[in-house]
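Here the structure is laid out as structure tokens; the discussion comes afterwards.
The structure displayed is predicted, hence computed values, not measured ones.
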Amino acid sequence: MADAPFRRSPLFHRPPIQGEAGALRIEEQPFVGKFILRADPDAAVEPLRAALGLGLPFDPLTSSALGDTAFLWLGPDEWMLVTAPADAADRAATVRRAVSGFHHQLVDVGDYYTIIEVAGPKAREALMKLTSLDLHPRAFTPGMVTGSVFGRANATIWLPAGSAGEERFRLLIRWSIADYLWCLVAHAGREWGVPEQVPVKGETLTVG
Amino acid sequence: MFLIRCPWCGERDIAEFAHGGEAHIARPEDSEELPDSEWAGYLFLRTNPKGVIAERWNHQAGCRRWFNMLRNTATDDILAVYKVGEPRPEVSANLPATPSGEAAIGSGNDAAKVMAPGERGGPVA
Amino acid sequence: MSKHGYRLPRGGLIDRTRTLRFSFGRQTFDAHPGDTLASALLANGEHMVARSFKYHRPRGILSAGSEEPAALVEIGADRARSDPNTRVTEQEIFEGLKARPQNCWPTLGFDIGALNDVIAPFIPAGFYYKTFKGWPGWMAFEPLVRRAAGLGRAPALPDPDRYEAVNRHCDVLVIGGGPAGMMAALAAGRAGARVMLCEETAALGGTLLSRDPEMLSVDGKAPAEWVAAIRAELESMPDVAILTRATAFGYYSHNFVGVWERVSDHLSPATVPQRMPRQRLWRVRAKEVVLAAGSIERPLVFHENDRPGIMLAGSVRTYMHRYGVLPGRRIVVATNNDSGWDAALDMARAGGEVAAVIDLRSEMAPTHLTEAARRGIAIYGNATIVGTEGRNRISRVAVRPLTRRGGSSRPVEIECDLLAVAGGWAPNVALFAQSRGKLRYDEQIEAFRPGRSWQHERSAGAANGFFGMAECFAEGARAGADAARAAGLDPKPLAIPTVPASGQIGQGPIRVIPELPSNRPKHKIRAFIDLQDDVTTKDLGLAVKEGYRSVEHAKRYTTSGMGTDQGKVANLNAFGFLASVRGEAIPAIGTTTFRQPYKPVTFAALAGQHVGDLFAPRRTTAMHDWHRAHGAVFEPVGDWLRARAYLKEGESFHAAVQREARAARATIGVLDASTLGKVDVRGPDAREFLNRVYTNAWLKLAPGKARYGLMLGEDGMVMDDGVTACLADDHFHMTTTTGGAARVLGKLEDYLQTEWPDLKVYLTSVTEEWAVVSLCGPECHKLVSDLCDGLDADPEKFPFMTLRDAHVGGVPVRVFRISFTGELSYEINIKASYGLWLWQQVMEKGAQYGVTPYGTEAMHLLRAEKGFIIVGQETDGTVNPLDLGLIGMVKMKGDFIGRRSLFRPDSMRDDRRELVGLLTSDPNMVLMEGAQVIGGEAESEPPVPMLGWVASSYFSPNLGRSIAMALVKGGRKRTGEQLWVSRRDGAPVAVMVTATDFLAAREKADG
Amino acid sequence: MQRYNVVSLIREGLRGHAGWQPAWRFPEPKASYDAVIIGGGGHGLATAYYLAKEHGLRDIAVIEKGWIGGGNSGRNTTVIRSNYLNDESAAIYQHALDLWKTLGRELDYNIMMSHRGVLNLAHDEGEARQLKRRVEANRLNGVDSEWLEPEDVKEFCPPISISPAARYPVIGATLQRSGGTNRHDAVVWGYARAADSMGVDIIQQCEVTNIVVEGGAVTGVETTRGKISTRRVGCVTAGHTSVIAAMLGLKLPIESHPLQALVSEPVKPILPCVVMSNAVHVYVSQSDKGELVIGAGIDPYVSYTQRGSLDIIEHQMAALVELFPVFARLRMMRQWGGIVDVCPDASPIISDTPVGGFFINGGWGTGGWKATPASGHAFADLVARGEPNAIAAPFTLERFTTGALVAEHGAAAVAH
């Protein structure tokens, strides 16, 4: 019944799609736990390792992961903590305790961003239609993460390490433009049979 | 299409960056006492050189850090990239022969397209 | 042969087993797969295919590639898919291809426009600068000129096709798939480099495909076989990509190269797979580039050198060996170098009747002379062409010795239906020049060749000035290895393919004569330089004579090289002629600029996938679907779509806004405020930071309290505003305007990173983490209490400008009691994913209070009733806080962004425009926003002195009259004065200057 | 000066065009001039022309480092309009428009001034509000300008799309009917020919390398072709204004940016007017030759290379196709870049300087072409009399100190 709280992800209206023979598969990963952590790495790394058993990635464009929990390097003093939906609150609390001793910022951005997962043998080729990043296997390796421009939108791309078997790229995209990016990725996949996806439109913009 | 080396993220297309104007223009501390002319200088006056410029860039779509860059505005050759707070590096550049003239090569000038008889060939060292 | 028209009985790379039909104008013809429109037309004996731009002279097919200046047609079956100015030499044939002549009326054969040719003596270069000035004026003549100008017609309907851009990085980009390019790709590929090989035509091979396989073998194989073998090896390399039908059109800075791929232009639209785009833009970032785009043959410059049937000798060889077409039966060859002889002998071997070879030189290669003599070809050494005949196709050539010995020798007339001209080969240096390398003029080949490189590229083969086949192989291998090494790989030496001695020959010695002499007086010679724009040597001479001596002036004055081919075959001849009339050397006069693109690229390909629905993102909130479902009209705010008003069945926009605004003060109004910018500000120095970025004071704001803040630029002008709340001593929640969110965060980060690195503050945007429901109205605290578990929102207990944490249905929310309307108001923030649910809760639980959703328009109206500003409406970048009467917002002590600028002389003027209220005497008269305030009831003659302008204007349902805010010179001092607001349609409207808080005024009035 | 008209064309036609005189001389620089104008572009040549014509100064040299009209004059998209917001701007741009109307006849050179109308599109309420404010201000300033509803826009410019479904729907536009385009080369050449005929020395391939100052005042300029003494120097070097000023140790409120433009292949008439859109950042007209002439925004950084980035062009093309879906299959034939000198308030500088006898006319940013005649007219007056007239006064350097800027970002946001 309507009273019970329900959640909606920004791509609620977009069931997974794929190209022929799974050449390219596109799917939203809703409600994944996401937090921005700002802190001095030198101060934060040990307490976090102790608390989570997970170190902060120091090197640009890298990530560290333990099970479903991962830290993504976003900047020299900025990371994204990514967790399984169910663990979000616990992990955040753990981190907050660990860094409480010194100047930091931990912000829940779980609903700010959603994740579009792009997988399949053509994933790299398709994404190269959106970004000027070099996604050649030699250049963009598992574990790497970085922000870039995708079409006309900024997003963060992350290739989780050791995703056994095939690679599953994850695009972290803001709620309000997730639908645009979804359709853009789909467009990139047209040549491999991904069905056309038309952005939500049809709003009345002019008053008669 | 500049290829800019972010000090943290490495070489990226210009599309990922935002330009922040001339670098090393510090905001006056004691603006209160500053004469109007000097405040105007801070607000508006720029060297706008034909030659090496120190300019601010922000890796907007990437790590969101500001950094400084030395570029030869006569050729768009990027000479150095350095972090905020670091001193401006010494560089040598392929500068115009005359103040308003064009760099010997690599400029957009229409006159500098053909080698003068006897001019040394081969690629630029 | 007549049975096949001009198709040779054998040879060529076309598929003779299949026949395709295509049409040109009203006629229908046969062709074979592998044909271009040009080779198919020539096979059918169709030389004349177009009319020139200015004189509408008959134009034939000169070349066999993208350098074609004249043979332009319109193709396409319908009004949406039609492509004007298409080069017949590039368009591949497909079943049902429809081509039409353009720029002629009524027909190609009989074109009224050709009258221009009759009056040609009176319309020389730049004639239009000298006339059409006087009565009746240019505007009267222009329409005629415009109708005569232009070439093809633009499509009449929107383009139904799809395009896309693709990014690529590679170690080595090889441009040109000829012998040099293939060797370069092979060398780099075998070294393990990431290689891209771009070939403009449909097949790799380049010149190899324009040679007689009987005469030229590569490593003992026929050229085509060798090409196939190398291509196979390249394709077997995982990191080598081969693009055909792909033109590198632009060499930009930092080794960025634009490549234009025609994915399906060679297919009938009906047969193009749905999933394939029509064209692609490849955005290539290459570590190293190999330029192997070959060379371009120049025509000879002589009287009447522009007739259909006059072709480049090298192109004739291409038509013979690549397409199996010999475009003439009785052939004359005119040359100034050895390559013309190779062509002539080629044609003879293929069964053409070569009537004569005319060579400007007196020294000719003995091997050529003997072979020609053996074949009974008449030889004219040290000779010139003095004229030609043939209306729509050449029929006769007149020849005489270049240097007359003793008196005039009557020209010899030679019948022919094809004149093949060989003016020498020029390296294709367009991309090298685009890369800003410097050209070097080489007297040996009488052409520019790559001189000094600037970017990471090197040229190879003919593009580098080496025309022999063996040289091209060696050059390519060298360049490929060189590039791979520069890219950090370790290439191994490559075996250079062997070719028979005949393949070694380049063009040999060359004799260039800027304008061949004729028997006519100099000013009667019509020797064409630019076949498209009809530029003759006479025109260039006139330009120099009149002072347009610089190559750029001459080019612009005559339009030489400014056609769709950008002078690929014309420019060098133009420079040569200009140099000769100026009595200088070519390097001394320089060249015009080689601009991008190398050849015209469709707008749509450059736009890529970013058109239509994907043109730009549209940002929507969590409640968007509800708004849509309930009659919302939206307004774009930045990239956001915000509900502007909710129209009920049959309700007008105005009525809806009035209803919503009334409800917000009578019962409860609810607004989706999610789009407001939100920034989480945290750190021990957060207060100090806010104190520096806002005009007002922040050091003492207690946790749980909120405050309105005003942000300026350093120029002292209002940049943004918003409410910022203190969550904890070192933790704040800042809000910004919807449109300003990104700008503000960027600016604040900038100050933190560069100006105040000492401040311990972190900023993180949380704009879209929160959905925001804004409730407004005297009753709304009840609804807030109903919604929030255990929160008593009674205004007494929940003071203005404070916040509370609470829960709705167990979901945590943050409630602010703030107001943008002057009415009792609360803003509930909830995680975005619950936004829609919360909104529905508000509508359900609010029903009993008559809750009414209102949009941005009513919100604007409500805040105006209270006299609140909207940044961007009451401000325009020239308005400071004092102008807005917000002096109370400006702290006296301590610096803040923009403070100093408030003390500049102009900021202290007492006649600055100040924000005031305006009330019309007629309460129903609503002023136009943007209307100008003037000092008198009648407008004087322009310029009318203006006192200011109306920023906001509404009919207020709650005040029962119209209200307006305006920025008026010395406005506040004028309070109580009468002024006037001008109108386009009618007399100025009298208005009373008032304070801006109309609600307060009303309350006062009501006592 | 040899007259240009149909009669002379026919006469010369009959005698093989043997009798045409050079449009200008190629004089050697003299040792001294009453005034030296640095920069042989439209503004510089116009300045020399009006100095000679209206101030009787004939002993003038125009020093051009390359060939006349080779800078922004030969690279701009020749949009002519005067519908600016502020009184100060309206005054100078309208003055220019009035001069344009008769300039062809005055110079005896057809500058192809085509008053085909200029549309400025509004795509959202905010833009509409700003544009309407401009229309109102224009009307009271005597600048012809009107507001069109979408249907009227479509009627005035048939190929445009006014689909309400568009990402940036056209919700209206301002129209200045007297605006339009002209032929840039013709203007440059016309001014040069007329100035030359009054004795002005136009010295091409001559570059100023230094400006000689004695006792705080200019005494001459050093050039690649020798020293020239003079007590009056007018700097009209557009993108290079800062570079020349730097010779005197002057810093200016100017930054020089690349501005790109491009043309399509020529097609038969399809676009009857000039169309500009700030929101999607593109402006377009069709030349007499049939090419669509298209411009966009500037690159954000300082550069003197006359080159820009391809992505600017890509955005520009997407915007164009969005506004004109029927143009999609046309082709970009030629692209190029210029160097525009941009002021913080998007208004020009016509000013004296701390150095006696040294005057600056620059900072026109992306909008200088349309002002050419008025710019030259007002600057000639300043160079001749030493103080700005009423039209130039608001545009002196002083405004940057007092803060009395002439903010025209709204009216000038997109290059034109």
Side-chain angles (χ1 to χ4, degrees), chain C residues 83-85 121-122 124 127-133 138 142 145-146 149-155 158-159 252 258 523 542 545-547 550 552-553 556 564 595-597 600-604 606-607 610-611 615-616 635-636 877-878 904-907 929-932 942-944 946 949 982, chain D residues 4-6 9-10 13 16-17 20 22-24 67 70 104-105 109-110 112-114 124-126 129 132-133 136-137 139-142 167 185-186 265-270 288-290 307 310 313-314 317-318 320-322 325-336 402-404 407:
Chain C
D83 299 290
N85 308 336
F122 308 105
F127 76 94
Y128 33 78
Y129 296 131
K130 296 189 169 101
T131 179
F132 305 133
K133 308 183 300 292
W138 175 241
E142 187 182 40
V145 172
R146 281 178 176 263
L151 282 170
R153 288 163 303 147
D159 184 3
Y252 298 87
H523 73 268
L542 178 63
K545 178 180 172 55
E546 290 192 276
S550 137
E552 287 289 351
H553 281 161
R556 287 157 176 264
T564 61
R595 302 201 180 281
Q596 300 102 344
V601 176
T602 51
F603 291 172
L606 290 162
H610 310 289
V611 292
F615 177 59
E635 89 170 304
T878 70
R904 292 180 300 176
D906 194 69
S907 317
E929 289 177 348
Q932 295 291 322
V944 181
M946 289 170 256
W949 53 283
S982 77
Chain D
Y4 286 166
N5 51 43
V6 183
L9 264 174
I10 292 173
H17 300 283
W20 293 118
W24 45 75
W67 37 282
R105 225 162 298 170
Y109 208 103
N110 183 5
M112 304 179 192
M113 184 64 233
S114 171
D124 63 46
E125 293 306 314
R129 196 181 294 113
K132 284 177 177 170
R133 175 184 165 196
E136 287 300 296
R139 190 173 56 82
L140 296 181
N141 273 322
R167 173 65 179 78
D185 291 333
E265 296 180 330
V267 288
K268 294 297 177 188
I270 179 166
D288 286 327
K289 198 180 173 192
R307 312 275 174 133
L310 180 65
I313 303 277
E314 295 173 75
M317 287 298 106
L320 185 76
V321 172
E322 187 72 0
V326 295
F327 290 173
R329 293 174 87 92
L330 300 182
R331 308 184 192 98
M332 168 171 82
M333 179 171 82
R334 182 168 70 249
Q335 71 170 98
W336 64 91
T402 63

Testing the basics here: between [X] and [Y], what is the closest heavy-atom pair and its distance to 0.1 Å?
| X | Y | value |
| --- | --- | --- |
| D:Thr402 | C:Arg904 | O-CB, 3.5 Å |
| D:Ile270 | C:Ala154 | CD1-CB, 3.5 Å |
| D:Asn141 | C:Pro942 | C-CB, 3.9 Å |
| D:Phe327 | C:Phe603 | O-CD1, 3.4 Å |
| C:Asn85 | D:Pro266 | ND2-O, 3.0 Å |

Partner chain D: residue of [options] with the largest heavy-atom pair count (under 4.5 Å):
| options | answer |
| --- | --- |
| C:Val611, C:Asp83, C:Leu542 | C:Asp83 |
| C:Glu635, C:Gln596, C:His610 | C:Gln596 |
| C:Ser550, C:Gly930, C:Gly258, C:Gly877 | C:Gly930 |

Considering only heavy atoms, which portion of [X] lies under 4.5 Å from any heavy atom of chain C: side chain, backbone, both, or neither?
| X | value |
| --- | --- |
| D:Leu320 | side chain |
| D:Asp185 | side chain |
| D:Leu330 | both |
| D:Glu125 | side chain |
| D:Glu265 | both |

Short question: side chain of [X], backbone of [Y] - any donor-acceptor pair under 3.5 Å?
| X | Y | result |
| --- | --- | --- |
| C:Lys545 | D:His17 | no |
| D:Asp288 | C:Glu142 | no |
| D:Lys268 | C:Ala149 | yes |
| D:Arg331 | C:Thr564 | no |

Nearest 0.5 Å, please: how far is [atom2] in [Y] from [atom1] in [X]?
| X | Y | atom1 | atom2 | result |
| --- | --- | --- | --- | --- |
| C:Glu552 | D:Trp67 | CD | CH2 | 4.0 Å |
| C:Lys130 | D:Asn110 | NZ | CG | 12.0 Å |
| D:Met113 | C:Trp138 | CE | CH2 | 12.0 Å |
| D:Lys132 | C:Glu929 | NZ | CD | 8.5 Å |

Best-contacting candidate, [options], against chain C by heavy atom pairs under 4.5 angstrom:
| options | value |
| --- | --- |
| D:Ala318, D:Pro269, D:Gly16, D:Gly13 | D:Ala318 |
| D:Gly142, D:Ser114, D:Ala186 | D:Ser114 |
| D:Leu310, D:Val6, D:Asp124, D:Val321 | D:Leu310 |
| D:Arg329, D:Arg334, D:Gln335, D:Arg129 | D:Arg329 |

Exercise for the section: Pick one of side chain, backbone, both or neither for C:Ser982, based on which atoms fall under 4.5 Å of a heavy atom in chain D. Expected result: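 C:Ser982 touches chain D through backbone and side-chain heavy atoms alike.
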Handout entry: Portion of C:Phe132 that has a non-hydrogen atom of chain D nearer than 4.5 angstrom
Key =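 Contact with chain D is through both the backbone and side chain of C:Phe132.
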Problem - Side chain proximity check, C:Lys133 to D:Tyr4, heavy atoms < 4.5 angstrom - result: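 SC-SC contact between C:Lys133 and D:Tyr4 confirmed.
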